[in-house]
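Right, one structure below, let's go through it.
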Amino acid sequence: MHNFHPDFLGEAARRIALKTYPRARQFVVQHLYPDTLRLLLLLHEHVPIHCIIGIGYSGNDDVVSELKAAGIRVVTPSFADIHTTVESELARSLAHCEEQQLELVIHEVGGYAIKALHEKFEASIPTVLGAIEVTKQGVWVAEALPILKIPQLNCAQTRLKEIEGKMVGEAVVAALDNILRELGYAMVGRPAAVAGYGWVGKGTVHSLAKRGMHVTVMDTDVIKLVDAAVDGYAIAQNPKDIGTPHIIIGATGHQSIHADIIDSLPNRSFIVSGASKNHETDLVHLESITLNKYSIHPHVDAHEVKGNKTLFLVNKGYPVNFTGSSVPDEIVEFLFCELIMLVRELLDQRPAPGIYPLKNDLEEVAAQIWLDLR
Ligand SMILES: NC(=O)c1ccc[n+]([C@@H]2O[C@H](COP(=O)([O-])OP(=O)(O)OC[C@H]3O[C@@H](n4cnc5c(N)ncnc54)[C@H](O)[C@@H]3O)[C@@H](O)[C@H]2O)c1
């Protein structure tokens with residue numbers, strides 16, 4: 001397997017001459033997949049990792065053992081406990097760095113640690129050199145802080161990330177299709193609705209259409225609705241215009257499958273998330289109207305709700321593509337090449353507090369490495 005996979009990440013580190021930084025430590029909140037394992041082991045040689053918090057719902061035992069074998073502390077809280085675990089582990093890493101006079105670098109997916117740092121550990125902010133962030137969700141968290149007191153460098157809004165969005169949409173639909181096939185259910189010819197026509201939503205819509213679904217698009221941004229209309233899809237400016245979708249997917253990064261939408265869904269529709277957490281669906285409302293609940297598949301719960309209908313919630317409202325293989329590693333790895341470049345930018349440039357997307361010329365290096373090695 002090792003020989004099978006091109007060494008995109010090692011090549012990225014070599015091409016930018018990534019140094020070792022013995023006076024810095026990483027605090028990591030990441031998914032634990034084979035691709036992240038390669039990234040973490042490589043980065044650990046340059047900036048030693050003090051602690052990794054595995055995002056629970058995608059934990060992988062082999063990955064955890066290999067990280068531990070490399071001498072790295074790994075914690076895998078359930079998704080419900082992630083915030084408290086980030087807080088307690090961050091406290092530990094900050095104390096260690098303060099004691100040893102080291103600098104801490106946050107490396108994360110989703111803005112958990114940057115939020116905890118600002119809200120709970122203000123006095124320790126000078127110990128933190130900055131944060132590196134992979135997702136828009138994490139950038140939105142930094143933007144929402146009253147005052148951002150560290151630099152956050154991100155590869156969340158790059159052109160390569162937009163390209164990855166198409167593949168995330170495909171991964172969302174492929175994962176859902178697998179589950180539906182296991183249930184003996186065909187997507188083809190059925191109506192579907194997708195909330196969000198951004199990078200992930202667009203990929204999701206195209207992939208549903210490729211499987212023969214008739215898709216209606218919802219978005220709070222009218223320009224995105226124009227884009228969807230010009231791409232040939234039905235649009236809904238108002239929840240009542242979504243019709244009777246047999247499948248509804250939220251890919252907005254916010255709550256999009258609101259109570260009124262849930263109430264209007266037809267009997268036997270599937271409720272699905274293509275985002276990053278369990279926020280797309282108003283789960284509180286769904287629970288409040290649920291009279292009886294049972295599992296029909298390891299990743300699908302049937303909710304018998306008021307009004308004599310049954311709604312099927314996929315993966316308890318978490319992203320459906322977190323149930324199995326998602327975006328192919330070689331796609332994710334062009335983003336990880338970008339992340340490696342952010343590490344060098346943060347440690348060598350030491351920027352002032354603020355939000356910094358990866359520079360275009362560095363993104364081109366990542367793209368070139370990918371083309372050269374593929
Ligand atoms: N499942 C995965 O593997 C995976 C991978 C990458 C990103 N994501 C997540 O997917 C989500 C979307 O990412 P993106 O890059 O497509 O973002 P984006 O900003 O490109 O798109 C979001 C779209 O949703 C629209 N929107 C916002 N709130 C809405 C609402 N309430 N109703 C309808 N539309 C609404 C916005 O106008 C925008 O067009 C984020 O949460 C991101 O973290 C998931």
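Quantities reported herein were computed from a predicted structural model and do not represent experimental measurements. Numbering of ligands and ligand atoms starts at 1, following listing order.
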Subject >> Protein contact of atom 39 (O) of ligand 1 - nearest heavy atom, named by residue and atom, plus distance >> reply: D219 OD2, 2.7 Å
Original post:
Among protein heavy atoms, which sits nearest to atom 4 (C) of ligand 1, and what does the distance come to when rounded to 0.1 Å?
Top reply: V168 CG1, 3.5 Å
**OP:** Can you sort out which atoms of ligand 1 are near N321, meaning under 4.0 Å from one of its heavy atoms?
**Re:** 1 (N), 2 (C), 3 (O)
Original post:
Quick check: are there more than 12 heavy atoms from other residues, nucleotides or ligands sitting under 6.0 Å from CZ of R14?
Top reply: yes
Original post:
Ring centroid separation for H31 and F322, is it under 6.0 angstrom?
Top reply: yes
**OP:** Specify side chain, backbone, both or neither for A251, according to which of its non-hydrogen atoms lie closer than 4.0 Å to ligand 1.
**Re:** backbone
Original post:
Hey, does E164 come in under 3.5 Å of ligand 1, counting only N/O atoms on both sides?
Top reply: no
**OP:** Begin from the C-alpha positions of R38 and D329 and carry the test salt bridge (charged side-chain N to carboxylate O under 4.0 Å, His left out) through to its verdict.
**Re:** CA-CA 10 Å; R38 286 191 288 274; D329 292 3; 3.0 Å; yes
Original post:
For ligand 1, which atoms, with element, lie under 4.0 Å from some heavy atom of K224?
Top reply: 38 (C), 39 (O)
**OP:** Please state which part of T252 comes within less than 4.0 Å of ligand 1, counting heavy atoms only: side chain, backbone, both or neither.
**Re:** both
Original post:
Can the ring centres of H83 and Y112 be said to be less than 6.0 Å apart?
Top reply: yes
Subject >> Identity and separation of the nearest protein heavy atom to atom 21 (O) of ligand 1 >> reply: G198 CA, 3.2 Å
**OP:** Would you kindly specify which portion of Q255 sits under 4.0 Å from ligand 1, judged on non-hydrogen atoms: side chain, backbone, both or neither?
**Re:** backbone
Original post:
Applying ring pair (Phe, Tyr, Trp, His ring centres under 6.0 Å), which residue pairs with at least one partner in residues 118-165 are found, sequence neighbours left out?
Top reply: W140-H254
Subject >> NZ/NE/NH1/NH2 to OD/OE distance under 4.0 Å, K359 and E345 >> reply: yes
Original post:
Taking the non-hydrogen atoms of G165, is any one of them nearer than 4.0 angstrom to ligand 1?
Top reply: no
Subject >> Within-cut-off N or O pair, W140 and ligand 1, under 3.5 Å >> reply: no
Subject >> Protein residue, atom and distance nearest to atom 11 (C) of ligand 1, heavy-atom basis >> reply: G253 N, 3.8 Å
Original post:
Which heavy atom of the protein is the closest neighbour of atom 30 (C) of ligand 1, given with residue, atom name and distance?
Top reply: T220 CG2, 3.6 Å
**OP:** Kindly confirm or rule out an N or O of H254 lying under 3.5 angstrom from an N or O of ligand 1.
**Re:** no
Original post:
Do you know which of I242, V172, V200, L208 makes side-chain contact (heavy atoms from CB on, under 4.5 Å) with V194?
Top reply: L208
Original post:
Which residue supplies the protein heavy atom nearest to atom 14 (P) of ligand 1, what is that atom called, and how far is it?
Top reply: K136 NZ, 3.7 Å
Original post:
Is there at least one pair of N or O atoms, one from K161 and one from ligand 1, spaced under 3.5 Å apart?
Top reply: no
**OP:** Assign the ring pair Y318 / F79 to parallel, tilted or perpendicular, where the plane angle (0 to 90°) is split at 30° and 60°.
**Re:** perpendicular
Original post:
When the ring planes of Y185 and F270 are compared, do they come out parallel, tilted or perpendicular, using 30° and 60° as the limits?
Top reply: perpendicular
**OP:** Using the side chain to side chain donor-acceptor pair (under 3.5 Å) rule, pick out the option among R350, R23, R25 that qualifies with E103.
**Re:** R350
**OP:** Check whether the side chains of H279 and Q255 place a donor and an acceptor atom closer than 3.5 Å, and report yes or no.
**Re:** no
**OP:** With heavy atoms under 4.0 Å as the rule, classify the contact between V327 and ligand 1 as side chain, backbone, both or neither.
**Re:** neither
Original post:
Considering only protein heavy atoms, which is closest to atom 7 (C) of ligand 1, and at what distance to one decimal place?
Top reply: V200 CG2, 3.8 Å
Original post:
Can a salt bridge be assigned to the pair E89 and R92 using a cut-off of 4.0 Å between side-chain N and carboxylate O?
Top reply: yes
Original post:
Under 3.5 Å, N or O to N or O, is A275 touching ligand 1 that way?
Top reply: yes
Subject >> Shortest protein contact, atom 41 (O) of ligand 1 (heavy atom only) >> reply: Q137 OE1, 2.6 Å
Original post:
Do any nitrogen or oxygen atoms of H258 come within less than 3.5 Å of a nitrogen or oxygen of ligand 1?
Top reply: no
**OP:** Check whether the side chains of E98 and T127 place a donor and an acceptor atom closer than 3.5 Å, and report yes or no.
**Re:** yes
Original post:
What atoms of ligand 1 come within less than 4.0 Å of a heavy atom belonging to G274?
Top reply: 1 (N), 10 (O), 44 (C)
